[in-house]
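The chains referred to below are lettered A, B, ... by the order of the sequence lines, with proteins before strands, and numbering in each begins at 1.
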Amino acid sequence: MDAFAVFRNRVEEKLINLYPELSDNKAALSRFVVEPPRDASHGDLSCNAAMVLSKTLKSNPRAIADSIVAAFEGDPQVANIEIAGPGFINFTLTPDVWQSVIADANEQGADYGRPAVAPVGKVNVEYVSANPTGPLHVGHTRGAVFGDALASLMAFCRYEITREYYINDAGGQITVLANSAYLRYCQALGDDIGEIPAGLYPGKYLIPVGKALAEQFGDKLKSMDDAEREATIRPVVLEKMMDMVRADLEKLGIKHDKFFSESTLHGGGNGGDIKETLDWLREQGLVYQGTLEAPKGKTPEEWEDREQTLFKATQFGDDTDRALVKSDGSYTYFAADIAYHRNKYLRGYNSQIVVLGADHAGYIKRLGAAGKAVSGGEAEVDVKICQLVNLLRNGQPAKMSKRSGNFVTMANLVEEVGQDVVRFIMLFRRNEAPLDFDFDLVTQQTRDNPVFYVQYAHARACSAFRNAARDVPELDVSPDSLKSADLSLLSHPAELTLLKVMGQFPRAIEAAAVAHEPHRVAFYVHELAGAFNAFWTKGKEEPQLRFVNHEDRTITLARLAMVNAVRQILRNGLGILGVSAPDELS
RNA sequence: GGUCCCGUAGCUCAACUGGAUAGAGCAGCUGACUUCUAAUCAGCAGGUUGCAGGUUCGAGUCCUGCCGGGAUCACCA
């Protein structure tokens with residue numbers, strides 16, 4: 001049970017009893033919260049209902065608070081209740097409420113923290129979606145980790161989640177890719193290709209692709225005309241590129257459920273494709289022929305004033321209407337994007353999350369507009385922007401030379417510092433804040449390094465069990481035995497402090513999922529690790545607080561039950577982030 | 001010029017979506033180590049939350065206008 005949720009319900013019940021007119025006013029009732037007070041001296045739980053409902057009830061907050069407090073008279077789990085400040089109701093709970101967190105965590109195990117009821121509706125999380133023209137680099141990594149952790153977080157909270165990758169395989173860059181691969185193919189057949197011409201991809205990763213083409217086709221590609229050759233090469237190269245992307249993602253532990261190919265939107269008739277979508281938009285009166293004004297910063301010479309096919313994006317909150325058809329008659333990228341959002345909507349996703357890089361900030365409004373337009377306002381499109389990652393070495397910018405075509409790939413990054421570090425560091429920051437990634441700092445095993453700090457706390461928890469097995473081998477610490485522990489022994493203030501942090505896990509998780517903010521999970525496990533380390537050190541000053549007590553088996557068992565719960569919560573939190581929880585650190 | 005993001009302790013960042021006296025870590029002082037119960041912990045010090053207004057019981061958070069930093073700005077993807 002989550003004490004915060006339980007007491008919120010309890011307050012709501014009492015409010016409806018006291019003020020029957022609230023029973024059909026869900027909106028008002030949904031506005032108050034029960035949360036931990038900032039200052040621990042205010043108690044365990046704080047409720048703002050009296051202030052929030054003051055207007056609705058046309059009564060002053062103090063009077064409402066008084067009536068709520070009176071209604072809690074006799075509640076066996078309330079040790080103290082008082083009104084403070086402008087009308088906060090502060091609860092201090094009896095220790096057994098917090099002690100029960102241990103039993104819950106140990107009993108529910110990997111499910112501890114999971115909300116009881118599943119939210120309605122399917123959620124599509126689209127992330128990475130990098131152009132399949134080369135290896136993933138560090139710029140893709142943050143979005144990849146963020147999207148993956150967000151999907152895991154929401155899946156943990158029982159949302160029906162699909163992890164999706166949109167393959168941009170319909171544009172001109174794939175033609176360039178095919179031509180680049182053809183050059184490597186010629187090279188594989190023994191031709192001297194010299195310098196890679198400007199405009200083609202120079203990367204060495206295409207060399208094996210060229211070899212594969214040579215093995216598959218012999219010299220047949222050379223005798224084809226350009227169109228036939230491209231049509232032949234394209235799917236083969238694309239597949240190779242996507243294999244590479246998938247392999248890179250796997251190094252970070254990322255696996256998508258669905259790879260959606262943009263080119264399928266350009267084909268015909270499978271529902272939700274571009275033509276059908278544009279026809280549908282036309283029926284809605286959202287498409288017209290017109291001209292756009294030149295942006296203020298552009299000089300008239302840079303601007304070709306021309307009539308084009310436009311989507312009324314402004315009607316849905318965008319800043320300008322958007323072109324759907326290019327001057328050569330083909331569809332714009334955005335036209336495909338609208339169709340893609342419609343496709344997702346038709347597949348039943350009323351909630352669509354799109355994770356993009358910092359350079360796509362300008363897309364938030366237009367994607368939101370697309371989502372609203374194609375769903376008649378039913379689908380929510382939440383665009384999450386991940387800001388830039390600054391790579392540092394020893395505090396100095398780790399410059400990458402763009403000229404030589406060298407860049408830090410995702411694979412390099414993971415190889416150098418490991419999956420856990422990459423993932424945790426990238427999640428230990430709000431997504432919209434820029435991130436410094438210092439190679440030297442993130443590999444240190446010190447307090448400065450949050451990944452290490454949290455993993456160390458988990459390893460310590462495990463070591464408590466190793467020590468117990470060594471020092472009191474006759475003590476049964478099996479799950480069943482831990483279940484029988486007398487948790488009421490854990491009433492020392494230091495223990496209650498730790499237990500209260502533990503008890504916040506469920507609401508922290510749920511709030512993070514609702515807000516689409518996985519970084520909160522990272523901050524939570526960091527806080528729990530701190531609370532655990534603090535308690536651990538207390539055992540130094542006060543030996544009776546040590547986990548293993550040679551004289552007293554019952555307190556040892558209770559303490560180990562608590563340690564096991566800490567370990568479980570850390571595992572659950574880290575599991576959501578995709579970071580391992582090692583039993584020992586080397 | 002438009003739009004979006006950011007601006008919080010010397011530094012790097014939080015603040016549970018409007019709650020109470022704005023919190024952590026680093027750096028600086030003080031103290032605690034037979035290194036898996038110090039890879040850590042406790043304490044001290046550090047603030048006009050960029051500026052000015054507004055909304056209300058209450059603002060770092062919401063609205064307006066400025067200042068500073070970054071990103072982006074038809075037809076590429």
request  = Using Watson-Crick or G-U wobble geometry with both distances below 3.5 Å, tell me the partner of B/C36, or none.
outcome  = none
request  = Measure the distance between the ring centre of A/Phe88 and the centre of the six-membered base ring of B/G19, then answer whether it is under 5.5 Å with planes under 30°.
outcome  = no
All N/O contacts under 3.5 Å from nucleotides 25-33 of chain B to the protein, with atom names and distances to one decimal?
none

message = In this structure, how many angstroms lie between the P atom of B/C4 and the CG atom of A/Leu367, rounded?
response = 15 Å
Opposite nucleotide pairing with B/G7, Watson-Crick or G-U, both atom distances under 3.5 Å = B/C67
request  = May I have the distance from A/Glu432 (atom CD) to B/G7 (atom C1'), rounded to whole angstrom?
outcome  = 13 Å
inquiry  = Under a 3.5 Å cut-off for both contacts, is B/G1 paired Watson-Crick or G-U wobble with anything, and if yes, with which nucleotide?
reply    = B/C73
remark   = Whole-Å distance, A/Gln387 CD to B/C6 C1', equals 8 Å
query = Which whole-number value in Å describes the distance from A/Asp328 CG to B/A74 C1'?
reply = 14 Å
task = Take atom OH of A/Tyr453 and atom P of B/A38, then tell me their distance rounded to the nearest Å.
result = 14 Å
query = Do the side chain of A/Asn90 and the base of B/A20 come within less than 3.5 angstrom through a donor-acceptor pair of N or O atoms?
reply = yes
key: Partner nucleotide of B/C44 by Watson-Crick or wobble geometry (both distances under 3.5 Å)   = B/G28
Nucleotides 10-17 of chain B: protein proximity per nucleotide (B base, S sugar-phosphate only, - neither; heavy atom, under 4.0 Å) = --SSSSBB
request  = Take atom CZ of A/Phe334 and atom C1' of B/C76, then tell me their distance rounded to the nearest Å.
outcome  = 15 Å
query = Rounded to the Å, how far apart are A/Leu53 CG and B/U56 C1'?
reply = 16 Å
